[in-house]
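Working notes, beginning with the structure itself.
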2 protein chains.
Amino acid sequence: MRDPLPAFPGYSLRRAANATAGELASRLSDIGLKQVDASILILVGENRDVTASALGRQLDIQRANMVPLLKRLEDEGWIFREPLDGKSQGLALTESGEAKTREARDIIEAFEAELLERIPPEHRDHLLPALNALWR
Amino acid sequence: MRDPLPAFPGYSLRRAANATAGELASRLSDIGLKQVDASILILVGENRDVTASALGRQLDIQRANMVPLLKRLEDEGWIFREPLDGKSQGLALTESGEAKTREARDIIEAFEAELLERIPPEHRDHLLPALNALWR
DNA sequence: TATGCATTGCTATAGACAACAACAATCGCT
DNA sequence: AGCGATTGTTGTTGTCTATAGCAATGCATA
């Protein structure tokens, strides 16, 4: 079939993102995580007492939609909340959450390394800066 | 906030794809199209009498989910179906569909050009080959 | 030519996700 | 003390995708 679409960077971007996201999702599901879960765990691990709102801003997830996500991570015993004042609550990893986060990091880092290996060496180092120019 | 995530190509890939897809979606909505619609119109335009199944395979959309998509394009008067045999039906653009497709192409091509311009020149030409190495 | 398997188009359903509006409580600034 | 902004939350909606199933047809081959 004639298909001019892959010549469009925007289209290839979407397809590549879908394909790789699918792969990563499959690997993370082995340890019971979705990609969002892993992102949240990593951010909470690096930023003790971050608030749900701040997390949402960083990840471009609306406040309202953070609720079920955090509830699940809390129910699993990976994060807990501690009141910062009468209104805000800080998030932090439990011990089991820290272990889970390390697992997730291992999976992700292995995956990222594989991704880069698929790219011909002459293009490899340009991907990240090019991508970051598109959204940051 | 400390955020190690943008250092992961896979994460940046997803974020860049979301950001750019959102922008393109907004522009395409000006002419009443979603991105899938535009993809389908372009493919049908390049491949007269392509079947719904073949389209789905090319775009990674399941047969069942093509139905409402194509129904809408047909209801809008942009595509029509002609029986190829007793079972398969070929898709083709109407005249108004061809006009709509040209509009979509103009928007997409302008958008893609802008995307590339955002990327520092030394990285620009590496994006497409790097992306295509990830999913094709 | 007849049989069996694959394919096509479609219906119906369920789950995941994101957007949106609204609300009470609280914070922080003036 | 008052007021606008922020936080966490509920509830709802629409969109998208996966899945299973079905009747009809095509295709290959025995």
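This one's a predicted model, so the numbers in the text were calculated from it and none came from an experiment. Below, chains carry the letters A, B, ... as their sequence lines are ordered, and counting in each starts from 1. What you see below is based on every heavy atom in this structure, not just the backbone, and it leaves out hydrogens, waters and symmetry mates.
- Looking at B:T94, its side chain does come within 3.5 Å of a backbone N or O of B:W78 through a donor-acceptor pair.
- Within residues 26-44 of chain A, the residues that place at least one heavy atom under 4.0 Å from DNA chain C are, in residue-number order, A:K34.
- Sorted by residue number, the members of residues 49-72 of chain A with any non-hydrogen atom under 4.0 Å from DNA chain D read A:T51, A:A52, A:S53, A:R57, A:R63, A:A64, A:V67.
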Enumerate, atom names and distances included, each donor-acceptor pair closer than 3.5 Å involving a side-chain atom of residues 86-93 of chain B, sequence neighbours excluded.
none

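- Atom OG1 of A:T51 sits about 7.5 Å away from atom CG of A:L84, to the nearest 0.5 Å.
- The residues B:D75 and B:K71 are annotated as salt-bridged, a charged nitrogen and a carboxylate oxygen being separated by less than 4.0 angstrom.
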### Query
Does the salt bridge (Lys or Arg N to Asp or Glu O under 4.0 Å) test come out yes or no for A:R27 and A:E103, once each step is laid out?
CA-CA 11 Å; A:R27 301 200 195 180; A:E103 289 183 67; over 6 Å; no

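- Sorted by first and then second residue, the ring-ring contact (aromatic ring centres under 6.0 Å, His included) pairs involving residues 92-136 of chain A (not counting sequence neighbours) are A:H123-B:H126, A:H126-B:H123, A:H126-B:H126.
- Side-chain N or O atoms of B:N65 include none that pairs as donor or acceptor with a backbone N or O of B:I61 at under 3.5 Å.
- In this structure a side-chain-to-backbone donor-acceptor pair under 3.5 Å is present from A:T20 to A:A17.
- Look at B:E23 and B:R118 and you find a salt bridge, because one of the NZ, NE, NH1 or NH2 atoms lies within 4.0 Å of a carboxylate O, short of that distance.
- The residues A:E112 and A:R105 are annotated as not salt-bridged, no charged nitrogen and carboxylate oxygen being separated by less than 4.0 angstrom.
- With rounding to the nearest 0.5 Å, the separation of CD in A:Q35 from CG in A:L28 is 6.5 Å.
- Only A:D85, A:G86, A:K87, listed by number, bring a heavy atom of residues 76-90 of chain A to less than 4.0 angstrom from any atom of DNA chain C.
- Where the helix from C:dT1-D:dA30 to C:dT30-D:dA1 starts and where it ends, the local axes point in directions that differ by 30°; five pairs per end, rounded to 10°.
- Taking 4.0 Å as the cut-off between side-chain N and carboxylate O, A:D37 and A:K100 do not count as a salt-bridged pair.
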